[in-house]
Amino acid sequence: MTDMPVQGKRRIRVLAWVALGLSVVATAIELWSSTPESAGLARAIFGYYWDTEIFLLAVIYIVPFVLDAVVAIAVKGWRNRVVALAGIIVLLVPVVMGIWIA
């Protein structure tokens with residue numbers, strides 16, 4: 001009977017880490033999409049329909065942001081919240097780089 005609370009904490013911790021991992025992957029995709037190498041691949045996949053690529057990148061970027069925000073609100077414990085908020089900070093890296101470069 002004492003194992004139940006530990007399992008619940010582990011599940012929440014795993015959810016926080018999964019949200020952080022999705023944020024890292026979304027940030028990597030967002031940073032890669034601004035490289036010249038990605039333009040050729042995007043043109044091969046989407047053709048000249050750039051609106052589709054922009055929409056896809058927005059979905060890839062917004063879904064982890066919403067997941068991190070929900071996890072940060074829903075989890076218990078400061079460690080889990082720090083992990084979830086770290087995902088939001090990771091997602092802000094492309095925004096800061098865009099402002100810095102521009």
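Along the sequence shown, residues carry numbers from 1.
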Which pairs pass side chain to side chain donor-acceptor pair (under 3.5 Å) with one or both residues in residues 81-93, sequence neighbours excluded? none
I need the full list of side chain to side chain donor-acceptor pair (under 3.5 Å) pairs touching residues 83-95, with sequence neighbours left out, sorted by first then second residue. none
Linking Ile, Leu, Val, Met, Phe, Trp and Tyr by side-chain heavy atoms under 4.5 Å, what else ends up with L92? none
Taking transitive links into account, so neighbours of neighbours count too, which hydrophobic residues share a cluster with V96 at under 4.5 Å side-chain distance? none
L31: partners by side-chain contact (heavy atoms from CB on, under 4.5 Å), with sequence neighbours left out: T27, P94, M97
Only pairs under 3.5 Å count here: list side-chain donor-acceptor contacts from residues 59-68, not counting sequence neighbours, and write none if there are none.
residue	atom	partner	partner atom	Å
Y61	OH	L91	O	2.0
D68	OD2	S23	OG	2.2

Could you state whether I88 and I99 fall into the same hydrophobic cluster, counting links through intermediate Ile, Leu, Val, Met, Phe, Trp or Tyr residues with side-chain heavy atoms under 4.5 angstrom apart? yes
Identify the heavy atoms of V83 and A16 that sit nearest to each other, and give their distance. CG1-O, 3.5 Å
Can you give me the closest heavy-atom contact between A84 and V71, atom names plus distance? CB-CG1, 3.8 Å
